[in-house]
Every structure is written in C-alpha cells, then in structure tokens.
Amino acid sequence: IMRRILQSKGAEIIHLGHNRSVADIVECAIEEDVQGIAITSYQGGHVEFFKYMKDLLDENGCGHIKIFGGGGGTILPAEIEELHNYGITRIYSPDDGRHMGLEGMIEDVIKQCDFSLNGNLTIKGELKLGEARDIRKIARSISNVENGNAAANNEISIDNPNTAAKNPVLGITGTGGAGKSSVTDEIVRRFLNAYTDKTIAVISVDPSKKKTGGALLGDRIRMNAISSPRAYMRSLATRESDKALSKYVQEAIDICKQAGYDFIILESAGVGQSDASILDYCDLSMYVMTPEYGAPSQLEKINMLDYADVVCVNKFDKAGALDALHDVRKQYKRNHGLWDAKDDQLPVVGTIASQFNDDGVNELFERLMEKLASKTGVTFKGAITHHAHTTDTSNQSTIIPPSRVRYLSEIAETVKAYDLQVEEQAIIARKLYQVDGAINTLSAAQAPTAVTTNTITQELLEIKKYLEDQ
C-alpha cells in the first residue's frame with residue numbers, strides 16, 4: 001500500500017520485497033543513490049536493525065540517506081524516541097497514522113526526501129561494503145547525468161583498473177511479464193561463477209507512469225546474484241510513458257565502462273511488437289518472450305526477431321511451450337533466410353528461469369558467450385565449453401506439477417458445488433417432509449377421500465425421485 005501511494009505521489013520506488021538484510025538494503029540504497037529508505041518492521045529486533053542500518057550508512061560515507069520506518073504497535077513509544085535520538089529520521093507510530101493518515105505520512109516522507117543530489121558528492125572515508133569498485137562515485141555520476149548535471153562529473157574521479165579492456169554490452173528486451181529480470185539474474189549468476197575474476201554491471205529500466213510521473217523500479221526483487229561485490233546494479237525510470245528506455249542509458253553505460261566493469265547488461269522495460277530501440281546501445285541483443293504470444297502470425301510482427309542475436313522463450317513450463325518453440329524457430333529461419341539450418345543450431349532456446357540450475361538457462365548462457373565472442377572477439381578467460389543441444393528443458397518441480405497449479409481453485413469450486421447440492425437436497429427433503437406430514441394429518445382425521453390420498457401419495461413418490469440416497 002505504501003509503495004503504491006508513494007508512486008502515486010510521483011516518487012520513483014526501488015522495491016526490494018520482504019525479509020532483506022541491512023547489508024542488502026544499504027548496498028541497494030548506495031548503488032541507486034537514493035534520498036531515503038522506508039521500511040516496515042513487524043518482526044521484532046527493530047531497534048538493533050534500524051541502528052545498524054544507520055551505522056552502516058555512516059561508515060560508508062552515506063549518512064545523508066534518510067531512514068523512515070513503522071511497525072504498528074510493535075515499536076513502542078520509548079523505542080521510537082530512542083531511535084529518533086540515534087539519528088533515524090522518523091518512525092511512524094499508530095498515533096501518527098490516526099492523526100496524519102496514510103497519505104499524510106507518505107507526504108511527510110516525500111517532503112523530507114525532496115532534496116537535490118546533483119553534483120553534491122562528499123566522500124567520507126573508504127567504502128566498507130567490500131565492493132570491487134567505489135559504487136558511491138558510479139551512482140552519483142549516473143544521478144548527475146540523469147538529472148541534467150553531467151558537468152558535475154568532471155569533479156568525480158572514477159578509477160578504472162584496466163582502461164584497455166573491451167566492455168561489451170548485452171541488451172535484453174522483451175514483452176512485459178516475460179521474465180526478463182529473472183533471466184538477467186540467472187545470466188549474472190552464471191557469469192560470476194564462470195569468470196571468478198570479472199565484474200558485471202546491470203542497468204535496468206522500468207516505465208514511468210504518465211499520470212503521476214512516479215515509477216516502480218521493481219527489477220531488484222528478482223535479482224539475487226547482484227549481492228556479489230563484483231556486481232553493480234542501477235535502476236532507471238524512463239521518465240516518458242511511451243518509451244522502453246531512459247534517454248540517459250548511453251551515459252549510464254559509459255560511466256560503467258569508465259569504472260571498468262568487464263560486462264554490462266542493459267535491460268529494457270516491457271516493449272511492444274515494433275520496438276527495437278535497444279539495438280542502438282548494445283553489442284549483443286537478446287529478446288525474451290513467453291509461449292503465450294497468440295497465433296503464429298503474431299510472430300511476423302515482432303521486430304526483434306529480425307535483429308536479436310539470441311531468442312529466449314522463457315516460462316517453458318507453460319502449456320504449448322514445445323509448439324511455441326517450434327513456431328519461433330520456424331519464424332527465425334524465415335527472417336534470417338536460414339532455410340537449411342537445423343533447429344538445434346539456431347540461437348532460440350527454451351528456458352525456465354525460475355527453476356534451479358535449469359538446463360535451458362545453462363544452454364542460453366553458452367549461446368550468449370559464443371555470440372559475444374564471434375561478434376566482439378571478447379572471450380574473458382578463453383572460449384566457453386560448448387555443449388551440443390540434446391533436448392529442450394523441462395519442468396523438474398514436483399511440489400506442484402503444472403497440471404495441478406490450480407488445485408486450490410479446484411478445491412474451492414468442489415466445495416461450492418457441494419454446498420449448492422446440499423442446499424438443493426435440503427429443499428427437496430423439506431418438501432418431502434411437508435407432504436408426508438399432510439398425509440399423516442389426513443389419516444389422523446379419518447376423513448380423507450380416495451382422490452386426495454392418492455394425489456398426495458403420488459406427489460410424495462414424485463418428490464422422492466429427486467432425493468439422493470446419501
């Protein structure tokens with residue numbers, strides 16, 4: 001609720017989800033160069049949690065980042081006072097909620113975070129998060145160009161340990177909800193595991209709302225591998241409702257190259273069939289889609305199938321995935337004139353990014369590294385081992401098989417149908433009881449006519465037909 005109200009007020013929100021450590025939150029806040037952190041805490045340990053966060057921000061020279069929190073009645077008034085005295089900007093109590101309301105509290109947060117970061121970079125001490133690069137300088141440099149103050153970067157010195165190295169850029173684009181962030185996270189994980197001396201940067205773009213100007217920068221919630229000290233991530237809002245990329249992505253890429261990141265991934269917001277704007281910023285491109293694209297004729301409208309170096313059909317556990325992969329490969333052959341190519345030679349791979357150690361994602365990573373080597377000549381620490389395509393990936397999950405993903409709905413539907421049946425049978429039984437009672441009453445009065453008795457008895461037998469045995 002808080003997130004939605006913040007966005008409706010025009011704020012750009014980096015969403016981390018639940019149960020994140022202080023280190024995760026602080027690293028995110030510094031990498032994203034935020035003005036404030038907002039936390040809801042209902043689990044106890046809040047005094048130590050908030051104090052440690054304040055200490056970690058101060059130790060890394062980022063004490064300007066404000067901290068807000070709330071936890072209903074779990075944070076006592078004495079604890080709120082203690083945290084305020086320690087330097088926490090504001091802890092909202094139930095009384096604040098009654099007096100200010102939700103919107104009032106959100107407006108207070110935004111008001112206190114409404115200060116400019118343009119060019120104002122005062123480094124206090126060394127970065128103690130163990131990062132391979134000084135992410136404070138990188139983050140502020142990107143903020144400066146994003147806010148129209150690129151000249152301020154002349155005063156920020158970013159160290160590059162290897163100025164002669166090539167820094168290839170992989171562009172990842174695709175439809176909204178295709179799982180681009182999950183696929184990106186799996187690529188980052190495999191890159192860090194395969195090349196233990198290399199660094200990687202991720203620039204992720206999400207759309208801004210046309211009505212409010214706010215944005216939900218939610219890709220981090222899917223990113224688990226970026227906690228590595230060799231990885232950096234920055235979220236950007238498009239700040240235009242009809243674009244898939246921020247107009248500052250090239251500057252952000254240049255800053256990451258200046259910092260010496262060996263590999264850079266640019267992930268766009270969800271795109272339509274005609275969008276291919278990511279091609280202007282990358283050396284290698286990948287299009288991510290799902291099996292649920294509609295009729296095969298829809299594939300003819302997708303521009304990126306003409307240009308993508310690799311195509312990823314994600315969510316391969318969906319019904320019809322094999323048919324979809326066949327159709328995509330067929331369209332890829334048409335678009336590229338590869339009439340004689342075999343399906344297993346095409347850079348079109350089915351994946352289940354949500355599945356641990358997915359065979360499809362493993363194959364996808366190999367194809368990306370092979371394409372990168374052939375297009376840019378970059379092999380990092382040598383050619384990656386090529387494994388021939390043998391079979392398409394499949395869902396290995398046995399917790400809830402795909403055919404049973406609606407099992408809770410099926411249970412609910414069965415219970416509702418049973419309740420309806422019981423109600424219908426109760427009406428029949430009540431009517432039967434009333435007719436039987438009428439016969440008994442007439443018999444007791446010793447005055448029934450043959451016609452009346454026969455008529456009621458016939459009605460009784462007719463009603464019994466509809467009453468089930470159980």
Side-chain angles (χ1 to χ4, degrees), residues 11-16 25-37 57 60-62 64-65 113 115-123 127 129 131-160 167-172 181 184 188 199-208 213-220 223 226 229-240 243-269 277-278 280-282:
E12 294 176 354
I13 311 300
I14 293 97
H15 183 46
L16 284 181
I25 296 170
V26 169
E27 180 184 349
C28 167
I30 296 175
E31 287 187 346
E32 300 285 0
D33 198 25
V34 302
Q35 282 99 337
I37 300 170
L57 285 171
N60 288 279
C62 294
H64 65 278
I65 298 177
C113 289
F115 58 91
S116 175
L117 295 175
N118 278 358
N120 301 322
L121 182 64
T122 303
I123 300 295
L127 187 69
L129 291 176
E131 296 288 320
R133 305 284 187 271
D134 193 333
I135 57 176
R136 298 170 298 185
K137 295 179 178 180
I138 299 167
R140 182 56 54 83
S141 296
I142 294 176
S143 293
N144 286 339
V145 297
E146 193 179 22
N147 295 326
N149 190 19
N153 289 345
N154 296 329
E155 306 299 323
I156 301 176
S157 175
I158 298 178
D159 298 327
N160 184 348
N167 313 96
V169 179
L170 166 65
I172 299 178
S181 297
T184 300
V188 170
T199 55
I200 187 169
V202 179
I203 300 167
S204 180
V205 184
D206 273 312
S208 296
L216 174 61
L217 309 180
D219 289 336
R220 271 186 179 267
M223 301 285 186
I226 58 169
R230 295 184 287 121
Y232 172 78
M233 179 176 178
R234 178 61 182 262
S235 306
L236 299 177
T238 60
R239 298 187 177 176
E240 295 178 85
K243 303 293 184 183
L245 292 170
S246 164
K247 63 181 180 180
Y248 302 106
V249 291
Q250 186 59 61
E251 289 86 346
I253 290 170
D254 291 341
I255 290 167
C256 290
K257 287 184 176 182
Q258 183 184 352
Y261 284 101
D262 298 296
F263 190 39
I264 300 167
I265 296 178
L266 171 62
E267 179 193 341
S268 79
S277 56
I278 201 165
D280 297 330
Y281 304 98
C282 61

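Please read these numbers as outputs of a predicted model, since none were measured by experiment. Below, each value reflects all heavy atoms present in this structure, side chains not excepted, and no hydrogens, waters or symmetry copies.
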What one should report as the nearest heavy-atom pair of Ile37 and Ala29 is CD1-CB, 3.7 Å
Is there a donor-acceptor pair closer than 3.5 Å between any side-chain N or O of Tyr232 and the backbone N or O of Glu31? yes
Any side-chain heavy atom of Ile142 within less than 4.5 Å of one from Asp33? no
Leu266 side chain reached by Leu245 side chain, heavy atoms, under 4.5 Å: yes
Ser141: what forms a side chain to side chain contact (heavy atoms under 4.5 Å, CB included) with it, not counting sequence neighbours? Asn153, Ile156, Ile158, Ile255
Output, in order, the C-alpha distance, side-chain angles, deciding distance and verdict of salt bridge (Lys or Arg N to Asp or Glu O under 4.0 Å) for Lys247 and Glu240. CA-CA 9 Å; Lys247 63 181 180 180; Glu240 295 178 85; 5.4 Å; no
Could you tell me whether the side chain of Asp280 reaches within less than 4.5 Å of the side chain of Gln250, counting heavy atoms only? no
Side chain proximity check, Glu131 to Ile30, heavy atoms < 4.5 angstrom: no
Nearest-0.5 Å distance that lies between atom CG in Leu117 and atom CG in Asn149: 11.0 Å
Find the distance between OG (Ser208) and CG (Leu217) and round it off to the nearest 0.5 Å. 7.5 Å
Rounding to 0.5 Å, atoms CG (Asp262) and CD1 (Ile200) come to a distance of 9.5 Å
Looking at every heavy atom in both Ala237 and Ser246, which two are closest together, and how far apart are they? O-CB, 3.5 Å
Does the side chain of Cys256 come within less than 4.5 Å of Ile203's, by heavy atoms? yes
Does a side chain donor of either Asp254 or Gln258 reach within less than 3.5 Å of an acceptor in the other side chain? no
Does Leu16 form a side chain to side chain contact (heavy atoms under 4.5 Å, CB included) with Cys28? I'd like the steps, not just the answer. CA-CA 9 Å; Leu16 284 181; Cys28 167; 4.0 Å; yes
Taking side chain to side chain donor-acceptor pair (under 3.5 Å) as the test, write out the residues that go with His15, two or more places apart. Arg3
Shortest non-hydrogen contact between Ser268 and Ile278, atoms and distance: CB-CD1, 4.1 Å
Glu267 side, atom CD; Thr184 side, atom OG1 - distance, nearest 0.5 Å: 4.0 Å
Among residues at least two apart in sequence or on other chains, which ones pass salt bridge (Lys or Arg N to Asp or Glu O under 4.0 Å) with Glu146? Arg234, Arg239
So, do Arg133 and Thr199 sit near enough that their side-chain heavy atoms are less than 4.5 Å apart? yes
What residues form a side chain to side chain donor-acceptor pair (under 3.5 Å) with Asp206, not counting sequence neighbours? none
Less than 4.5 Å apart, any side-chain heavy atom of Phe263 and any of Leu170? yes
Going by salt bridge (Lys or Arg N to Asp or Glu O under 4.0 Å), name the residues that satisfy it together with Arg136, two or more places apart in sequence or in a different chain. Asp134
In short, Ala132 meets Arg230 closest at the heavy-atom pair CB-CA, 4.3 Å
Distance-minimising heavy-atom pair for Ile265 and Val188: CD1-CG2, 4.0 Å
Output all residues satisfying salt bridge (Lys or Arg N to Asp or Glu O under 4.0 Å) with Glu27, sequence neighbours left out; order by chain, then residue number. none
Nearest 0.5 Å, what's the CD-OG distance between Glu32 and Ser235? 3.5 Å
Between Gly36 and Cys113 the two heavy atoms that sit nearest each other are CA-SG, 3.8 Å
So NZ of Lys257 and CD1 of Ile264: to nearest 0.5 Å the spacing works out to 6.0 Å
